[in-house]
Amino acid sequence: MSTENEPTSASASTAELMEQILYQVKRVVVGQDRFLERVMVAVLAGGHLLVEGVPGLAKTLTVKTLAEAVRGQFKRIQFTPDLVPADLIGTRIYNQKTGEFSTSLGPVFANLLLADEINRAPAKVQSALLEVMQERQVTIAGESHKVPRPFLVMATQNPIETEGTYPLPEAQVDRFMMKVLVDYPTDEEEFVIVERVIGAPVEASPVATTDQLAALQAEARRVYVDPSLIQYAVRLVSATRTPERHGLKDMRRFITFGASPRASINLTEGARALALLRGRSYALPEDMTALVPDVLRHRVTLSYEGLSEGLTPDGLIDKIMRAVPAPAKPLEHEKLVA
């Protein structure tokens, strides 16, 4: 009997802890519920976020407030054309008094790292994040240094200005779990934002620890995913590479490269995290379909023909989702509970 009750009590405490974290962030950040949900999904799934939006939409504030709520270390790097890799990961410093070298670790050593306007730095600086995003470590002078756990990189880029920007290398873009588009707040939300800014300052209270956050990540990995749902993720990703096999023959000429297997993994892990965020120990098709545009939009490379016709990755992904049906709601979780 005790083993049957354990998952229920664990899920109840998990839901309560996540509710407290979200409440603290929402005390400071007005609106942006969808963006905040994607940030939490990335945190629970152990992924990284690429965020595109105009300045002033609380991107930095959201991540900083989340770090305060979970007692995590927050660092922000402003990417500029004169940045060098050592400014990110650190370097070796020679001490003239002792005649020895010491290692000075860079700002990537944090739980939540904000890479602001990442496309303003040249490729060699952007690539300095590759190792730390994938391996959770950096190598300085042949010596590896682990970054704190949990670790999340949130990179922002401005969709307006293109002058003085460098496109992100494909290998790095693929390491981002999701690309999230942040839009303007509604009139009602903006009214509350102005009221809150001109009023007494509100600060988030720490309600969790990084150890508890790591436990939430472990909980997310235990969320049940039906094989039919994994197959759905694989078919969606396959349709970006060979659309003709899924009844989308005309789409082939518009796509140069489709999504990698990382997309299938990220869709499955994201569905798990979103299911946990919604208070369930099993994933449903709607958990996955909600994340499909965010997981695929930066992994679909349009051809010149697609660009000349004014197509967008989101438009093509929408067609793929209509052509590849989601499975019926899996009932395997009922067997697990029984």
Side-chain angles (χ1 to χ4, degrees), residues 32-42 45 47-54 57 157 159-160 167-168 170 173-174 176-186 225-226 228-275 277-278 283-330:
Q32 302 296 5
D33 290 347
R34 186 179 171 279
F35 170 50
L36 180 55
E37 184 181 66
R38 297 303 183 266
V39 173
M40 288 300 296
V41 166
H48 306 292
L49 274 183
L50 180 61
V51 184
E52 190 171 286
V54 298
L57 297 182
Q157 57 183 21
I160 303 171
L168 295 176
E170 292 300 325
V173 168
D174 196 41
F176 286 102
M177 180 183 184
M178 293 181 282
K179 179 181 179 181
V180 182
L181 307 180
V182 183
D183 206 354
Y184 290 108
T186 63
V225 183
D226 192 82
S228 65
L229 209 50
I230 300 173
Q231 186 62 40
Y232 175 55
V234 171
R235 291 182 67 218
L236 283 170
V237 174
S238 172
T240 67
R241 304 173 198 147
T242 52
E244 63 276 8
R245 287 174 51 195
H246 301 271
L248 296 164
K249 191 182 296 183
D250 294 340
M251 193 184 289
R252 187 69 190 92
R253 59 197 174 99
F254 299 133
I255 300 176
T256 306
F257 298 107
S260 76
R262 273 201 190 101
S264 304
I265 296 167
N266 290 162
L267 274 174
T268 308
E269 295 284 12
R272 274 175 157 176
L274 192 54
L277 206 57
R278 291 171 172 175
L284 292 178
E286 51 262 39
D287 299 320
M288 189 169 285
T289 53
L291 298 174
V292 171
D294 297 313
V295 172
L296 294 184
R297 68 164 56 97
H298 57 301
R299 292 182 161 104
V300 176
T301 306
L302 297 186
S303 64
Y304 288 116
E305 192 173 352
L307 292 169
S308 65
E309 293 201 16
L311 300 178
T312 63
D314 280 41
L316 297 181
I317 291 165
D318 183 57
K319 287 183 180 178
I320 288 172
M321 290 182 72
R322 280 188 266 123
V324 180
K329 289 190 177 183

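Bear in mind that the values here come from a model prediction, so they are computed numbers and not experimental data.
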J.: Measure across V237 and S264 and return the closest heavy-atom pair with its distance rounded to 0.1 Å.
T.: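 Result for this residue pair: CG2-OG, 3.4 Å.
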J.: Could you pull out all donor-acceptor pairs under 3.5 Å where a side-chain atom in residues 309-323 meets a protein atom, sequence neighbours excluded?
T.:
| unit_1 | atom_1 | unit_2 | atom_2 | d |
| --- | --- | --- | --- | --- |
| T312 | OG1 | G315 | N | 3.1 |
| D314 | OD1 | R297 | NE | 3.0 |
| D314 | OD2 | R297 | NE | 3.3 |
| D314 | OD2 | R297 | NH2 | 2.9 |
| D318 | OD2 | R322 | NE | 3.3 |
| D318 | OD2 | R322 | NH2 | 2.8 |

J.: Taking only residues two or more places apart in sequence, or in another chain, which ones meet R34 in a side chain to side chain donor-acceptor pair (under 3.5 Å)?
T.: D294
J.: Are Q231 and P327 side-chain neighbours, meaning at least one heavy-atom pair lies under 4.5 Å?
T.: no
J.: Would you say the side chain of L49 lies within less than 4.5 Å of the side chain of M177, judging by non-hydrogen atoms?
T.: no
J.: Distance-only, no hydrogens or angles: does the T301 side chain make a donor-acceptor pair with backbone N or O of T256 under 3.5 Å?
T.: no
J.: Roughly how far, to the nearest 0.5 Å, is the CD atom of E244 from the NZ atom of K249?
T.: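 The CD atom of E244 is 9.0 Å from NZ of K249, to the nearest 0.5 Å.
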J.: Measuring from atom CZ of R38 to atom CG of L277, what distance do you get when rounded to the nearest 0.5 angstrom?
T.: 10.0 Å
J.: Identify the two heavy atoms, one from R241 and one from G258, that lie closest to each other, and give their separation to 0.1 Å.
T.: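 Taking R241 first and G258 second, the nearest heavy atoms are CG-CA, 4.1 Å.
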J.: Which heavy atom of T268 sits nearest to which heavy atom of I230, and what is that distance?
T.: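 Closest approach of T268 to I230, heavy atoms only: CG2-CG1, 4.1 Å.
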J.: Measure across A283 and V225 and return the closest heavy-atom pair with its distance rounded to 0.1 Å.
T.: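 Smallest heavy-atom distance, with atoms named: CB-CG2, 4.3 Å.
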J.: Are the side chains of E286 and L274 in touch, meaning some heavy atoms are under 4.5 Å apart?
T.: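 Not touching, per the 4.5 Å side-chain cut-off.
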J.: Is a donor on one side and an acceptor on the other found under 3.5 Å between the side chain of H298 and the backbone of F176?
T.: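 Yes.
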J.: Measure the CG-NZ distance between L296 and K179 for me, rounded to the nearest 0.5 Å.
T.: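 L296 atom CG to K179 atom NZ measures 12.5 Å (nearest 0.5 Å).
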J.: Where is the tightest heavy-atom contact between V295 and M178, given as atom of each residue plus distance?
T.: CG2-CG, 3.8 Å
J.: Ignoring hydrogens and geometry, is there a side-chain-to-backbone donor-acceptor pair from T289 to P285 under 3.5 Å?
T.: yes
J.: Is there a side-chain contact between D287 and R278 in this structure, where contact means two heavy atoms from C-beta onward sitting under 4.5 Å apart?
T.: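 They are in side-chain contact.
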J.: How long is the span from the CG atom in L181 to the CZ atom in F35, to the nearest 0.5 Å?
T.: 11.0 Å
J.: Backbone N or O of R235 within a donor-acceptor pair of the S238 side chain at under 3.5 Å?
T.: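 Checking the backbone N and O of R235 against the side chain of S238, no donor-acceptor pair under 3.5 Å is found.
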J.: Taking all non-hydrogen atoms of both residues, which atom of H246 and which atom of A239 are closest, and how far apart?
T.: CD2-CA, 3.5 Å
